[in-house]
Amino acid sequence: MSFFFRLYFNLLLEYFYIRSGRIYAIDTKKDPRAPSLHKVVDPNDIIQKTGLAYPHTAHCLASGEIMVSCLGDKDGKAEGNGFLLLDSDFNVKGRWEKPGHSPLFGYDYWYQPRHKTMISTSWGAPSAFTKGFDLQDVSDGLYGRHLHVYSWPEGELKQTLDLGSTGMLPLEIRFLHDPDKDTGFVGCALSSNMVRFFKKPDGSWDHEIAASVKPVKVQNWILPEMPGLITDFLISLDDRFLYLSNWLHGDIRQYNIEDPAKPWLAGQVFVGGSIRKGGAVVAEAEDGTTYQVDVPDVQGHKLRGGPQMIQLSLDGKRLFVTNSLFSTWDRQFYPEIVEKGSHMLQIDVDTEKGGLVINPNFFVDFGAEPDGPSLAHEMRYPGGDCTSDIWI
């Protein structure tokens, strides 16, 4: 029988402003149309009891506890990262992982209870990424390329997988939703590869490149080649399709993963990006000619930035997308997002033959908020969705 791990009393745990370290619990049950602030977890309390800072990914546990990945210590050093445990009243309990078993870098994580395994990913040191992206920081070892395999729920680090140069900046991670399956994917942003991880017959874990987004040769950009920069992906609840966003190239892709070892491209749509028509950057084709990509307006609005976070409806037919990655990086690569605010789009999905189309009737503009332009990021369904639900 399936059991959904959900937030206690249907409270939506939100983490905004990684720098501030505050965790906000928002009550969405009393009045879903008028959410109210339930509690703020003070960053000083977190630091004093655990040494952790820069909270990021939250999941609920069957115990009613909430586990949050943290990306470093108060000084922004990656060595201080780990996993925070909150009780069902959002009080700080301590760290989840055993002493001496913290990962090299922190970011996202996912667990598969039937295989007694949790795997976490690696973004980078907060002292580096909060300043903006600098390729030298990659060379200096301030960004990650590893997966960390833990025993679940014991919190022992059992294995570290080095993804190498083809797995730089592994960000989002997902197991297949089927709780019996022992495989999943991780999106490696800088290398722009989708890496599949899987359990071997001896019980250890391995990985392989499942799909790649080739870099594009460009003119008038900071580098001669532009990576896709896979910043988010998700898997449909039926485990048939994987969707990813290329924040720099500007496209969203749909892959058929009915055979997880052999994904194939089923759909693609451009919703922005750095090589769109009218911009300064132009792409070079293999024959030496240059081109830019057509991106339509939606309800009279020019689409800003590139696709970032995505969320899928439970029936798999509507894919929602926002465009803010991290304010410092937004300002560096797409300053118009900071100046004019984010937006949210709906992509209509063909779940039979495959295919993606921008819905021309849906556009949410965060540029006209009462306190000024806002940066939209994560999206969640209150009753659970394909990026938060885990089955036992």
Side-chain angles (χ1 to χ4, degrees), residues 1-6 57-62 67 69 103 107-122 146-161 163 167 170-188 193-212 230 232-244 253-267 310-316 319 349 351-352 354 381 383-392:
M1 179 174 161
S2 296
F3 179 83
F4 293 102
F5 295 163
R6 296 222 178 109
T57 297
H59 281 295
C60 292
L61 313 187
M67 186 165 131
S69 64
Y107 189 67
D108 195 21
Y109 72 94
W110 198 276
Y111 57 99
Q112 196 75 318
R114 292 188 188 179
H115 292 278
K116 299 180 180 180
T117 297
M118 185 275 272
I119 303 180
S120 70
T121 63
S122 313
H146 296 84
L147 299 182
H148 309 93
V149 182
Y150 283 88
S151 61
W152 183 267
E154 295 82 9
E156 291 186 29
L157 181 60
K158 294 292 188 179
Q159 189 179 355
T160 300
L161 299 177
L163 305 183
L171 297 182
E172 306 296 330
I173 187 168
R174 311 275 187 261
F175 272 95
L176 294 183
H177 296 290
D178 184 338
D180 288 324
K181 298 298 184 181
D182 58 2
T183 189
F185 297 88
V186 57
C188 301
N193 289 321
M194 289 304 307
V195 170
R196 185 176 77 95
F197 57 87
F198 53 92
K199 185 190 281 189
K200 296 163 55 176
D202 64 3
S204 64
W205 294 79
D206 206 347
H207 68 280
E208 64 182 7
I209 295 175
S212 297
I230 301 172
D232 194 22
F233 84 96
L234 57 78
I235 297 172
S236 60
L237 284 173
D238 59 8
D239 288 335
R240 290 184 59 223
F241 292 106
L242 179 152
Y243 300 86
L244 65 82
R253 299 189 179 194
Q254 175 193 33
Y255 286 88
N256 183 298
I257 57 167
E258 290 174 306
D259 181 351
K262 297 179 180 179
W264 53 273
L265 187 63
I310 52 178
Q311 185 56 263
L312 188 66
S313 61
L314 302 187
D315 62 5
L319 186 72
V349 180
T351 58
E352 298 299 324
Y381 281 95
D385 54 55
C386 62
T387 61
S388 60
D389 283 347
I390 294 174
W391 283 265
I392 60 172

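One-based numbering along the sequence shown. The shown structure was predicted, so the numbers you read here are calculated from the model rather than taken from an experiment.
A parallel orientation is assigned to the rings of Y111 and Y109, their planes being inclined by less than 30° (bins at 30° and 60°). Ring planes of W205 and F197: tilted class, angle from 30 to 60°.
Judged purely by atom type and a 3.5 angstrom limit, Q112 has no side-chain atom pairing as donor or acceptor with the backbone of I119. Side chain of R240 to backbone of T351: a donor-acceptor contact under 3.5 angstrom is found. Side-chain atoms of S69 come within 3.5 Å of backbone N or O of T57 as a donor-acceptor pair. Counting only distance, with no hydrogens or angles, the side chain of N256 and the backbone of E258 share a donor-acceptor pair below 3.5 Å.
Using a 3.5 Å distance cut-off with no hydrogens or angles, the side chains of T121 and D108 do not pair a donor with an acceptor. Side-chain contact check for S204 and Q159: no donor-acceptor pair (N or O, by modelled atom type) lies under 3.5 Å.
Within 6.0 Å of NZ on K181 lie no more than 12 heavy atoms contributed by other residues, nucleotides or ligands.
The pair R114-D178 does not meet the salt-bridge criterion, since no charged nitrogen lies less than 4.0 angstrom from a carboxylate oxygen.
Ring centroid separation for the pair W110 and H59 comes in under the 6.0 Å cut-off.
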Exercise. Under the side chain to side chain contact (heavy atoms under 4.5 Å, CB included) criterion, do M118 and M67 qualify, and how do the steps go?
Worked result: CA-CA 12 Å; M118 185 275 272; M67 186 165 131; 3.8 Å; yes

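Looking at heavy atoms from C-beta onward, I173 lies out of side-chain contact with Y107 at the 4.5 angstrom threshold.
Atom OG of S236 is separated from atom OH of Y255 by 15.0 Å, given to the nearest 0.5 angstrom.
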